[in-house]
Engineer: 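Can you read through this structure? Questions will come right after.
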There are 2 protein chains.
Amino acid sequence: MVGTKTEGVMRLRPDDASALTDRVPAVDADASAHVVPHPARNLATGTLGKAFDVLDVIALSPKPLRFTDLLGLVDQPRGTLHRQVSNLIEEGVVLVNADGSYAPGLRLLKWAARAWSQNSFRIIAEPHVRQLHEATGETVHLGVLSGLEVIYVDKLETNQAVRMHSQVGNASPLYCTGIGKAMLALLDADQCAQRIQQFSYQRHTQATLYTPELLLAEIETIRTQGVAHDREEHEPGIRCVAAGIDGQDTGTIAGVSVTAPSYRIAEDALLRWEILVRETARSIEADMKAKMGPRSHE
Amino acid sequence: MVGTKTEGVMRLRPDDASALTDRVPAVDADASAHVVPHPARNLATGTLGKAFDVLDVIALSPKPLRFTDLLGLVDQPRGTLHRQVSNLIEEGVVLVNADGSYAPGLRLLKWAARAWSQNSFRIIAEPHVRQLHEATGETVHLGVLSGLEVIYVDKLETNQAVRMHSQVGNASPLYCTGIGKAMLALLDADQCAQRIQQFSYQRHTQATLYTPELLLAEIETIRTQGVAHDREEHEPGIRCVAAGIDGQDTGTIAGVSVTAPSYRIAEDALLRWEILVRETARSIEADMKAKMGPRSHE
DNA sequence: AATTGAGTTCCATATAATGGAACAAAATGA
DNA sequence: TCATTTTGTTCCATTATATGGAACTCAATT
């Protein structure tokens with residue numbers, strides 16, 4: 001019986017990419033960085049795949065899209081696209097704004113609330129993540145590999161703020177985040193290489209590893225060290241230490257990390273984190289083995 | 001409508017209530033919902049509708065379902081259902097647990113995070129909701145009408161607890177919640193009557209209005225008073241005062257509420273809340289009118 | 001070894017999605 | 001103001017896709 005005592009609680013926050021606080025200047029001052037399409041899209045197989053493809057474009061677009069905008073982003077004839085969107089609207093997963101632009105619908109919230117609260121990996125990992133948070137006193141993330149991205153499923157913030165935010169459900173690229181790189185290092189050569197090819201690299205900061213070569217070398221290092229560092233590669237001024245979690249026969253690949261602003265991190269803290277984060281990852285793996293068992297198929 | 005008891009251990013929530021009592025409401029496999037936007041479920045139109053129907057059953061089930069369980073809940077032949085589920089899995093919206101049971105997938109989180117953060121109604125309502133929270137010092141909910149349910153899109157809790165929880169995305173029935181009843185009172189006679197017929201009533205508490213007649217009378221009262229009361233009709237010991245929000249030509253029907261445990265509510269507070277909640281609803285409506293404009297099409 | 005139950009695959013058929021083109025409705029602009 | 005373009009919507013013969021009954025595999029049970 002895995003996770004019989006779920007806390008049906010999900011916290012969402014507006015997409016504020018900053019891993020840390022609101023004081024981060026946000027690199028995306030230049031809109032051009034954001035305009036870049038949607039990196040991790042499925043190759044639409046079947047009717048369902050195509051519909052989700054459209055939903056993806058609508059949901060993941062940084063700006064509201066109207067019909068013609070969509071038409072430019074999705075490779076579909078007008079009539080077809082129109083019907084696909086109509087269906088999505090009728091199903092409540094897409095809604096139409098006042099100006100005719102589309103947005104993802106609230107029906108998705110309901111599904112997601114369940115997806116989060118029922119997720120057995122997250123449930124198993126939670127106590128370990130909390131322990132890491134208490135041990136370090138810094139922000140801790142828990143993320144899961146999904147395609148070319150890491151999807152965050154939990155976050156414990158250094159609670160200095162009055163309100164506690166979370167960015168559950170937000171996604172980041174693999175190549176410029178600690179958890180992302182740690183997960184890549186866990187994949188077998190093929191899987192890893194394949195993804196490294198597919199990324200559409202962007203220099204989020206000066207330190208971003210923005211070529212397959214740089215990334216491959218980094219991942220080699222991560223493999224030997226067992227931890228990954230994000231040295232302000234995603235957000236300026238933000239560092240993190242992460243470790244990958246290999247779900248083995250459960251099929252889950254995930255990661256944990258500790259994050260903090262660079263100026264606050266002492267050398268010895270960094271070392272201590274490496275150990276703690278690695279231990280946390282190992283504990284979670286052990287717990288998964290004990291509580292989840294092998295996956296039956298696929 | 002939710003355990004605001006901060007003791008953190010015995011938190012009961014709509015979702016996991018069934019984890020304890022195994023009466024299993026068994027996913028309302030009822031009904032012939034037609035005209036309503038996206039009804040609870042059923043009458044799957046097109047391939048997409050059928051797929052979402054399956055997803056709904058998987059996501060909304062109180063207990064993990066394996067293939068044969070699903071087969072009993074969805075009206076589809078084996079071969080068909082198998083392919084539908086396979087497609088959902090391939091698309092990442094359904095995942096397979098270790099024991100072969102299905103669960104909603106994490107891809108939904110990403111969509112939902114966007115749906116929430118982009119939702120213009122929620123954005124407009126937020127400052128008003130926060131103001132109400134500050135004025136009352138009690139838990140405040142913001143919910144939107146979706147089919148036969150209210151989906152909560154925001155929640156400000158009385159922050160006595162260390163961790164702040166939210167149940168964004170959770171859904172509750174219309175007939176036994178303050179916001180739900182307030183929204184019903186806002187609908188035109190047809191829409192209202194239609195839903196009142198479709199509900200599958202359950203006596204959540206002693207006070208639950210569990211027949212169409214009781215409910216209709218209540219709604220009449222709500223119409224004249226402009227506020228709805230939840231007198232421990234959903235959760236024992238929990239009361240709330242709610243007001244409906246009529247989005248007019250935006251098509252949105254929503255509601256706000258103030259919630260607290262019965263023992264803590266003084267008579268004068270109740271009166272004060274009625275006024276504050278109603279004012280909040282009116283302010284949100286005004287803001288919507290100003291900032292959203294009419295919807296272009298159905 | 002025989003039997004049941006759960007899950008998966010196959011494939012002729014029916015059904016639903018497709019997409020080009022014609023149509024309607026706003027927005028533009030001269 | 002009316003013509004013109006842009007944007008969104010509908011139609012329908014064609015084609016691709018989903019359908020579902022049946023046969024099959026693989027474990028558990030007896």
Engineer: Just to confirm, is there a sub-4.0 Å distance from OP1 or OP2 of dT6(D) to any side-chain nitrogen or oxygen of T68(A)?
Structural biologist: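 False: T68(A) side-chain N/O out of range (4.0 Å or more) of dT6(D) OP1/OP2.
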Engineer: Can you say whether the rings of H82(B) and F67(B) are parallel (under 30°), tilted (30 to 60°) or perpendicular (over 60°)?
Structural biologist: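 Ring orientation, 0 to 90° scale: perpendicular.
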Engineer: Could you tell me how far apart D69(A) (CG) and dG8(D) (C1') are, to the nearest whole angstrom?
Structural biologist: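 In whole Å, dG8(D) C1' and D69(A) CG are 12 Å from each other.
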Engineer: To the nearest Å, give me how far apart CD (Q84(A)) and P (dT17(D)) are.
Structural biologist: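 One finds 12 Å between P of dT17(D) and CD of Q84(A), rounded.
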Engineer: Please state whether the phosphate of dG20(D), meaning OP1 or OP2, lies under 4.0 angstrom from any side-chain nitrogen or oxygen of Q76(B).
Structural biologist: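 Yes.
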Engineer: Which whole-number value in Å describes the distance from L48(A) CG to dA16(C) C1'?
Structural biologist: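 After rounding, the reported distance stands at 14 Å.
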Engineer: Report the distance from atom OH of Y102(B) to atom P of dT8(C), rounded to the nearest whole Å.
Structural biologist: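 Distance, rounded to whole Å: 6 Å.
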Engineer: Checking D154(B) against W116(B): is there a side-chain donor and acceptor pair closer than 3.5 Å?
Structural biologist: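 Result is no, nothing qualifies.
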Engineer: Under 4.0 Å, counting only non-hydrogen atoms across every strand here, what does T80(B) touch: a base, just sugar-phosphate, or nothing?
Structural biologist: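 Since a base atom lies under 4.0 Å of T80(B), the category is base.
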Engineer: Quick one: does any side-chain atom of E285(B) pair with a main-chain N or O of D246(B) as donor and acceptor, under 3.5 Å?
Structural biologist: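 Yes, the answer is positive, given that a donor and an acceptor are paired below the 3.5 Å cut-off.
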Engineer: Looking only at N and O atoms, is any donor in the side chain of R78(B) or the base of dG20(D) less than 3.5 Å from an acceptor on the other one?
Structural biologist: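 Checked by distance alone, the answer is no.
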Engineer: So that I can tick it off, tell me whether K63(B) and D69(B) are bridged by a salt bridge, with the cut-off set at under 4.0 angstrom between side-chain N and carboxylate O.
Structural biologist: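 Salt bridge: no.
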Engineer: Would you find a donor on one side and an acceptor on the other, under 3.5 Å apart, between the side chain of D99(A) and the backbone of S101(A)?
Structural biologist: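 Side chain of D99(A) to backbone of S101(A), a donor-acceptor pair under 3.5 Å: yes, one is there.
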Engineer: Given atom CZ of R83(A) and atom C1' of dT10(D), what is their separation to the nearest angstrom?
Structural biologist: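 One finds 12 Å between C1' of dT10(D) and CZ of R83(A), rounded.
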Engineer: Of all the choices, dT7(D), dG20(D), dG20(C), which nucleotide is nearest to the side chain of P77(A) once you look at every atom?
Structural biologist: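 So the side chain of P77(A) is nearest to dG20(C).
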Engineer: Starting from C1' on dT17(D), measure out to CG on N87(A) and report it in whole angstrom.
Structural biologist: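 Going from N87(A) (CG) to dT17(D) (C1'), I get 15 Å.
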Engineer: Using only side-chain N and O atoms of H82(A), determine if any of them is under 4.0 Å from OP1 or OP2 of dG8(D).
Structural biologist: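 For H82(A), the contact criterion (side-chain N or O under 4.0 Å from OP1 or OP2 of dG8(D)) is not met.
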Engineer: Mind calculating the distance between NZ (K50(A)) and P (dA16(D)) to the nearest angstrom?
Structural biologist: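 That distance rounds to 10 Å.
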Engineer: Rounded off to whole Å, could you give me the CZ-to-P distance for the F67(B) and dT25(D) pair?
Structural biologist: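 Rounded to the whole Å, the gap is 18 Å.
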Engineer: So, is T47(B) close to the dA17(C) phosphate, meaning a side-chain N or O under 4.0 Å from OP1 or OP2?
Structural biologist: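 True: T47(B) side-chain N/O within range (under 4.0 Å) of dA17(C) OP1/OP2.
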